[in-house]
There are 2 protein chains.
Amino acid sequence: MADSIWDEIHSDTPSIPGNPFASGCLSRVVLDHVTSKWGVLVLAALASEPMRWGQLHRYVEGISEKMLAQTLRQLESDGFVLRQSAGTVPPRVDYSLTPLGDELAALLIPLVRWVGDNVQRTSLAQGLAETA
Amino acid sequence: MADSIWDEIHSDTPSIPGNPFASGCLSRVVLDHVTSKWGVLVLAALASEPMRWGQLHRYVEGISEKMLAQTLRQLESDGFVLRQSAGTVPPRVDYSLTPLGDELAALLIPLVRWVGDNVQRTSLAQGLAETA
DNA sequence: CAGTATCCGCCATGATACTG
DNA sequence: CAGTATCATGGCGGATACTG
């Protein structure tokens with residue numbers, strides 16, 4: 001019975017642990033979390049160094065408190081982010097990547113870097129340059 | 001004057017072409033396209049092989065016609081995807097990656113693969129297994 | 001400092017129907 | 001086959017106010 005959910009998920013791709021191309025596959029949910037608007041940036045930020053809430057808030061420019069909280073809780077519940085509260089007052093909470101998060105970030109960083117380094121080669125940037 | 005937009009964007013990070021962590025940076029827009037719900041999957045799909053519309057529609061399970069069209073147009077306008085219409089009737093349209101898209105996909109594929117291969121290690125999957 | 005609570009607009013997404 | 005057009009809606013995301 002415990003296997004039924006996996007059987008169902010992998011019914012059409014028996015030998016593949018998770019196929020993001022298959023609708024209804026759990027991996028798609030995780031992929032959505034990871035590639036969400038803020039998820040990528042938060043993971044990439046924490047990859048550079050563990051950070052406290054406020055630091056993270058400043059590092060990822062433009063993120064609202066709500067979205068930062070929501071994103072962090074999501075990534076924590078996925079097992080990518082570790083939340084450590086000092087339990088002091090005033091509160092101090094440190095966020096870092098779990099080993100799983102580290103593996104993921106190792107793939108995310110090159111992506112974020114590439115986009116940053118190559119925006120100007122995109123047609124989007126070309127178009128802007130012309131109209132300017 | 002033509003440089004003003006870039007100056008503004010890079011005002012706080014002069015030597016970096018595009019910093020996704022900076023709000024208002026173009027690279028963030030591109031990053032959003034690339035990491036959008038369907039963008040990742042479409043790019044990854046086309047990386048495996050060029051495809052026609054219908055083939056792509058079937059490959060990326062669950063995507064609506066509207067979203068497929070929208071995603072393709074977006075990626076095309078970014079310069080990642082090449083659209084080639086045969087001009088015949090009935091119509092035949094082939095989609096493939098541009099060289100720029102190839103570079104991007106090379107970074108995306110490992111990410112998609114990793115997520116697919118490691119979903120079961122996430123807390124999300126662990127939680128599901130317990131309740132089952 | 002590190003959040004939570006609440007309200008709300010709006011747009012991304014989806015379903016359906018239609019077309020050259 | 002390869003789309004477009006239209007409509008409906010859920011939730012993403014922002015702004016603001018409040019708290020231990």
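Quick note on labels: first sequence line is chain A, next is B, and so on, each numbered from 1. These values consider heavy atoms only, across backbone and side chains, with no hydrogens, waters or symmetry-generated copies. Model, not experiment: these values are computed from the prediction.
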Measure from [atom1] on [X] to [atom2] on [N] and round the result to the nearest Å.
| X | N | atom1 | atom2 | answer |
| --- | --- | --- | --- | --- |
| B:R83 | D:dC1 | CZ | C1' | 12 Å |
| A:I63 | C:dG3 | CD1 | P | 13 Å |
| A:Q84 | C:dG3 | CD | P | 13 Å |
| A:Y59 | C:dA2 | OH | P | 17 Å |
| A:H57 | D:dG13 | NE2 | C1' | 13 Å |
| A:D94 | C:dA2 | CG | P | 8 Å |
| A:M51 | C:dC1 | CE | P | 16 Å |

Counting just side-chain N and O atoms, does [X] come under 4.0 Å of either OP1 or OP2 of [N]?
| X | N | result |
| --- | --- | --- |
| A:R58 | C:dA2 | no |
| A:Y95 | C:dG3 | yes |
| B:R52 | D:dA2 | yes |

Problem set entry | Side-chain donor/acceptor of B:E61 to backbone N/O of A:S23, under 3.5 Å |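 Looks like yes, one N/O pair under 3.5 Å.
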For this session: Report yes or no: does B:R28 contribute a side-chain atom to a donor-acceptor pair with the main-chain N or O of B:F21 at less than 3.5 Å?
Result: yes
For this session: For DNA chain C, determine which residues of residues 64-74 of chain B have any heavy atom closer than 4.0 angstrom to one of its atoms, and list them numerically.
Result: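 Only B:E65, B:K66, B:M67 qualify.
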Problem set entry | Within residues 35-45 of chain A, residues whose heavy atoms come under 4.0 Å of DNA chain C |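 Contacts with DNA chain C under 4.0 Å: none.
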Exercise. Name the stems with DNA chain C in them: runs of three or more consecutive Watson-Crick or G-U pairs, distances under 3.5 Å?
Worked result: C:1-20 with D:1-20
